[in-house]
Student: 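First, the structure itself, so that you have it in front of you.
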Amino acid sequence: QSLPNVVILATGGTIAGAGASAVNSATYSAAKVPVDKLIAGLPELSKVANVRGEQVFQVASESLTNDNLLTLAKRVSALSKQPDVDGIVITHGTDTLEETAYFLTLTVHTAKPIILVGSMRPGTALSADGALNLFNAVNVAASKDAGGRGVLVTMNDEIQSGRDVSKTVNIKTEAFKSQWGPLGMIVEGRNYWFRAPVKRHTMQSEFDIDSIDALPPVEIALGYEGVAPTAINALAASGIKALVHAGTGNGSVADRIVPVLQKVRADGILVIRSSRVPDGFVIRNAEQPDDKYDWVVAHDMRPQKARILTMVALTKTKDTKELQRIFWEY
Ligand SMILES: NC(=O)CC[C@H](N)C(=O)O
């Protein structure tokens, strides 16, 4: 057979979920159905690619750890080097899918398509979205024109950049959005491309999962009206190497928190100023004098993605100028 070879790495989530009845679209158990059953339930895949599955984990994605991330990325990297693998699909819970997608696009050196996919409803529900999302993922992974675009996400007929995309609604099937728009769409197994990523990824990345064996502890502190320094002080005392501050507005920081973050930086912990606002981006030296305080701004990265990039960057550098360059470039 001359069909492309696609490997599905299954990690759990709602796409492998099962509920008690067809009306249970929100009340169900995630991470129940094994990958071989997912593949067997979608005979249409055999016309698109030679598909085989590997069960890497079977978890809800909010429980994934840094070690899980390393295990998965190393497996993706190893498979991508095999001549008998043309594309890789990763089934994943949607809650932290955006973090895994960004981690892989930063660290896996391949021009072969890598596609993450999940679903918002379990396969047992009325109007389940997982089957079409997975069919689309395998189609994109099997197509020649999907390589070299960074790690991609196929949800709701859209092809999204793994760097840009986030879960923005927690109940609808159109859950994944990027403020910069999707890269394309997939309809009846055909890709329609409209734009390409400009940030560094995969082949052009200076980071390589094959030489990363541990990730440093990096945590997130939220800014809000009435915020106290309690959480930041506790995090700083816990041995973290960097703190992502999810500030208000344009990454603004409460006046009583500013000296706390200055102390955190003086103690050798890197401070990354991000925003809890989903869209837009943080501008350096606006709201706070980042040059003076030696803080880094997270550009357009949401706090959870800023944390991923910070962990990856810290495997190479602790220099704040370097870290800021990395935030602009990735
Ligand atoms: N829609 C989902 O995949 C959410 C299920 C679960 N919380 C997870 O992220 O794995």
Side-chain angles (χ1 to χ4, degrees), residues 8-39 41-42 53-73 75-76 88-105 114-138 140-141 151-178 182 186 220 278 302-305 307-308:
I8 300 180
L9 298 178
T11 72
T14 298
I15 196 164
S21 85
V23 296
N24 289 121
S25 60
T27 314
Y28 58 87
S29 302
K32 288 286 167 209
V33 183
V35 64
D36 289 342
K37 213 172 152 193
L38 290 181
I39 295 170
L42 208 47
E54 281 180 30
Q55 194 74 48
V56 185
F57 314 117
Q58 186 65 296
V59 295
S61 66
E62 64 271 20
S63 299
L64 288 168
T65 64
N66 284 356
D67 283 346
N68 291 153
L69 215 45
L70 294 173
T71 302
L72 178 64
R75 186 68 193 127
V76 173
I88 300 164
V89 169
I90 300 151
T91 60
H92 200 291
T94 54
D95 289 2
T96 64
L97 187 148
E98 66 207 63
E99 282 136 279
T100 299
Y102 193 35
F103 184 75
L104 295 176
T105 214
I114 302 173
I115 321 298
L116 273 95
V117 63
S119 77
M120 293 302 289
R121 297 177 182 142
T124 46
L126 291 170
S127 221
D129 54 332
L132 181 55
N133 287 348
L134 182 57
F135 178 73
N136 286 344
V138 170
V140 176
V151 170
L152 303 171
V153 175
T154 56
M155 296 280 295
N156 198 39
D157 302 345
E158 292 176 337
I159 308 171
Q160 297 276 2
S161 152
R163 175 200 184 270
D164 298 345
V165 79
S166 276
K167 186 174 188 175
T168 61
V169 188
N170 58 14
I171 201 84
K172 299 180 181 178
T173 50
E174 69 263 40
F176 281 76
K177 296 266 189 290
S178 155
I186 172 159
I220 301 170
R302 293 179 180 202
Q304 63 272 26
K305 289 199 177 206
R307 173 180 171 271
I308 295 286

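Because the structure is a prediction, the values reported are computed rather than measured. We count ligands from 1, going down the list as the structure has it; atoms in each ligand are counted the same way.
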Student: Which protein non-hydrogen atom lies closest to atom 4 (C) of ligand 1, naming both residue and atom, and how far is it?
Tutor: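 Answer, as residue, atom name and distance: Thr14 OG1, 3.2 Å.
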Student: Look at ligand 1 and say whether Ser119 reaches it with a heavy atom at a distance under 4.0 Å.
Tutor: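 Yes.
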Student: So which protein heavy atom does atom 7 (N) of ligand 1 come closest to, and at what separation?
Tutor: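 Checking every protein heavy atom, the shortest distance to atom 7 (N) of ligand 1 gives Asp95 OD2, 2.7 Å.
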Student: Where the side chain of Thr154 meets the backbone of Val117, is there a donor-acceptor pair that is under 3.5 Å apart?
Tutor: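 Checked: no pair found.
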Student: With sequence neighbours left out, write down each residue that passes side chain to side chain contact (heavy atoms under 4.5 Å, CB included) with Ala175, or none if nothing qualifies.
Tutor: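 For Ala175, the residues satisfying side chain to side chain contact (heavy atoms under 4.5 Å, CB included) (neighbours in sequence not counted) are Met120, Lys167.
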Student: Examine His92 against ligand 1 and note whether any of their N/O atoms are separated by less than 3.5 Å.
Tutor: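 Not met; the criterion fails.
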Student: Give a yes or no on whether the backbone of Asn156 and the side-chain of Asn133 come within a donor-acceptor separation of less than 3.5 Å.
Tutor: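 Yes, Asn133 side chain to Asn156 backbone: donor-acceptor pair under 3.5 Å.
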Student: Considering non-hydrogen atoms of the protein only, which is the closest contact for atom 6 (C) of ligand 1, and what is the distance?
Tutor: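 Nearest protein contact, heavy atoms only, for atom 6 (C) of ligand 1 is Glu62 OE1, 3.4 Å.
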Student: Any idea which of Ser61, Ala175, Pro122 brings a heavy atom closest to atom 8 (C) of ligand 1?
Tutor: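 The nearest heavy atom belongs to Ser61.
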Student: Could you tell me if Ser21 and Asn24 have a donor-acceptor pair between their side chains, going purely by distance under 3.5 Å?
Tutor: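 Yes.
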Student: Give a yes or no on whether a salt bridge exists between Glu54 and Arg75, defined as a side-chain N under 4.0 angstrom from a carboxylate O.
Tutor: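 Salt bridge present between Glu54 and Arg75.
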Student: Between Thr94 and ligand 1, is there a nitrogen or oxygen pair with a distance under 3.5 Å?
Tutor: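 There is such a contact, yes.
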Student: Checking Gln58 side chain against Val33 main chain: does a donor-acceptor pair fall under 3.5 Å?
Tutor: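 Confirmed, Gln58 side chain pairs with Val33 backbone.
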Student: At a 4.0 Å threshold, what atoms of ligand 1 neighbour a non-hydrogen atom of Gly13?
Tutor: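 Within the 4.0 Å cut-off of Gly13, ligand 1 contributes 10 (O).
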